[in-house]
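As structure tokens, the structure follows; a few thoughts come after it.
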Amino acid sequence: MNFFNNSSKKTSLDFITVGRAGLDMYSGQDGVSLQEVTSFIPGVGGSPANIAVGLATLNSRVGIITKVCDDSIGDYVLHYLQKKRVDISHALKDKKLKTTLVITEIKPEGGKVVFYRENPADLNIAIEEIKRSYLRKTAAIVLTGTSLAKNPSRETMLKICQMNPKDEFKVIFDLDYRPFHWLNKRETKLYYEKVCEQSHFIIGNLEEFKVLLPSLTWEGVKQKSFAKYFKGKAEIIVLKNGPKGTKIFSKPDSSEIFIEPYEVEAKKPFGSGDAFLASFCHCLKQGGSLREAGEFASASAALVVLQRTCSEAMPSEEQVIKFIKKYKNREKNESH
């Protein structure tokens, strides 16, 4: 299938991501608890920012709608995005609200991630600040679940979906579930469902999808598990399950595709989902099949967890192709 070929309109952007762009501080030491860390390495983070950088690194044309503090930290974030060739012409600044700060341990599993995110700038993007003319410039909008956690951002995300009654652009929804942002799962499900109704592509891991479908299991999941979404606008649903692999479901051809994971010794787990989505979307936009997109995305995710940072670790197409070739050659040699 060619997910992006439903529209004949010409666009100046392939993608626009909406939501958090912030400052990440990564532990300078591997396997060390925060109280023992002696140095930190700065980087730009937040799923919308990571996805945008991932897409730009793959040479997709991408912009971001975000809001940061009008100070040196906000300038740092926007300067980095611009340097990575992300269009920041519709990024917003606020003199009072702060940019999100995240501090992380670097551990393969169980690493602590501490958020400084009390009424952050990115959750205060108002619908009046969104230019409809900018949305019309793109083939797809990427929304994330974290942006639904509070108003006015929540209302803005819902209204962006409503600005698309004729499906002028594809809506890509990354569930991106962070429990500490929400009052309870009932609230999360309510607003997730509203966006899912308007989304053409929904992606998340098993824990995230269980917010919507509590009885869902990895072993029992089938195309019909997502029937209510496929009866609406959804064309692609991707269910990720870490080392167990990825399952891709498609409405147009009723296909179910399983993608084997690339087994690597991860330095840290986070950032992989953002790399996966960026690479999957880029590959589809280039005309790749669902299987090709899944394998390319899985390799991209594996490359990111090998490194300390997130946005800076987003790989180029050449790096992904080289990794896949090397990995498959190694598997071939080990089987002989």
Side-chain angles (χ1 to χ4, degrees), residues 19-51 53-54 66-69 71-81 84 94 96-124 144-147 149-150 174-185 188 204-208 211 240-243 261 263-276 301-315:
R20 181 166 68 94
L23 177 65
D24 287 354
M25 298 296 288
Y26 303 95
S27 166
Q29 291 76 46
D30 297 349
V32 173
S33 298
L34 284 177
Q35 61 264 34
E36 298 172 339
V37 171
T38 58
S39 63
F40 290 94
I41 297 170
V44 168
S47 288
N50 290 337
I51 294 165
V53 172
T66 189
K67 183 180 281 190
V68 297
C69 186
D71 63 6
S72 296
I73 299 300
D75 290 343
Y76 173 89
V77 171
L78 296 185
H79 175 73
Y80 175 84
L81 292 171
K84 287 293 184 177
D94 190 290
K96 296 181 180 179
L97 299 168
K98 295 300 182 185
T99 305
T100 297
L101 170 65
V102 178
I103 300 176
T104 73
E105 295 176 345
I106 301 298
K107 296 179 179 179
E109 295 179 2
K112 292 179 180 175
V113 180
V114 181
F115 282 78
Y116 287 84
R117 190 166 163 74
E118 183 66 32
N119 193 30
D122 61 271
L123 282 181
N124 284 274
T144 65
T146 297
S147 297
K150 295 280 190 284
D174 181 356
L175 298 182
D176 188 35
Y177 175 55
R178 313 288 176 122
F180 54 85
H181 286 323
W182 296 88
L183 293 176
N184 51 55
K185 285 188 178 180
T188 311
N205 61 35
L206 185 61
E207 178 192 4
E208 291 167 336
V211 174
K240 301 173 293 180
N241 198 11
E263 297 180 5
V264 296
E265 292 187 14
K267 187 182 287 285
K268 48 86 166 93
F270 42 86
S272 58
D274 301 331
F276 187 104
L303 280 167
V304 168
V305 298
L306 289 171
Q307 300 185 56
R308 186 177 308 278
T309 60
C310 291
S311 59
E312 192 63 29
M314 295 292 158

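Treat the numbers as computed from the prediction; the structure is a model and nothing was measured. Scope of the values below: all heavy atoms of this structure, side chains included, with no hydrogens, waters or symmetry mates.
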Ignoring hydrogens, what is the shortest heavy-atom contact between [X] and [Y]? Give both atom names and the distance.
X	Y	result
Pro261	Gly242	CB-O, 4.0 Å
Gly271	Met314	O-CE, 3.8 Å
Gly74	Val68	CA-CG2, 3.7 Å
Val304	Pro315	CG2-CD, 3.9 Å
Leu101	Met25	CD1-CG, 3.7 Å
Trp182	Gly145	CZ2-O, 3.5 Å

[X]: what forms a salt bridge (Lys or Arg N to Asp or Glu O under 4.0 Å) with it, not counting sequence neighbours?
X	answer
Glu208	none
Asp176	Arg178
Lys240	none

Would you list the atom pairs, donor with acceptor, under 3.5 Å between side chains in residues 35-43 and any protein atom, with sequence neighbours excluded?
unit_1, atom_1, unit_2, atom_2, d
Thr38, OG1, Gln29, OE1, 3.4
Thr38, OG1, Gln29, NE2, 3.1
Ser39, OG, Gln29, NE2, 2.9

Residues in side chain to side chain contact (heavy atoms under 4.5 Å, CB included) contact with [X], at least two apart in sequence or another chain:
X	value
Pro108	none
Asp75	Lys93
Ser147	Thr144, Ser153, Met157
Ser311	Val44, Asn50, Val53, Tyr80

Problem set entry | Rounded distance [0.5 Å steps], CG in Asn205 versus CG in Leu175 |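 Those atoms lie 8.0 Å apart.
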
Problem set entry | Value rounded to 0.5 Å, distance of OG1 in Thr309 from CD1 in Ile106 |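 That separation rounds to 8.5 Å.
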
For this session: Output yes when a side-chain donor or acceptor of Thr99 lies under 3.5 Å from a complementary backbone atom of Cys69, and no otherwise.
Result: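 Side chain of Thr99 to backbone of Cys69, a donor-acceptor pair under 3.5 Å: yes, one is there.
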
Exercise. If only atom types and distance count, is the side chain of Lys267 paired as donor or acceptor with the main-chain N or O of Lys107 below 3.5 Å?
Worked result: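 A pair under 3.5 Å: no.
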
Problem set entry | All side chain to side chain donor-acceptor pair (under 3.5 Å) counterparts of Ser272, not counting sequence neighbours |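 For Ser272 there are no side chain to side chain donor-acceptor pair (under 3.5 Å) partners, ignoring immediate neighbours.
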
Exercise. How would you list, by chain and number, every residue that makes a side chain to side chain donor-acceptor pair (under 3.5 Å) with Tyr177, sequence neighbours excluded?
Worked result: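 Per chain and number, Tyr177 pairs via side chain to side chain donor-acceptor pair (under 3.5 Å) with no residue.
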
Exercise. Taking only residues at least two apart or on different chains, which pairs with a member in residues 304-314 satisfy salt bridge (Lys or Arg N to Asp or Glu O under 4.0 Å)?
Worked result: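 Sorted pair list: Asp30-Arg308, Lys84-Glu312.
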
Exercise. Taking only residues at least two apart or on different chains, which pairs with a member in residues 113-123 satisfy side chain to side chain donor-acceptor pair (under 3.5 Å)?
Worked result: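 Every side chain to side chain donor-acceptor pair (under 3.5 Å) pair that includes a residue of residues 113-123, provided the two are not neighbours, is Thr100-Arg117, Thr100-Asp122, Arg117-Asp122, Arg117-His181, Asn119-Asn124.
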
Exercise. Would you say Asp24 and Thr104 make side-chain contact, with heavy atoms under 4.5 Å?
Worked result: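 Not in contact.
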
Exercise. Any side-chain heavy-atom pair from Ser33 and Glu105 closer than 4.5 angstrom?
Worked result: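 Side chain of Ser33 against side chain of Glu105, heavy atoms only: contact under 4.5 Å found.
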
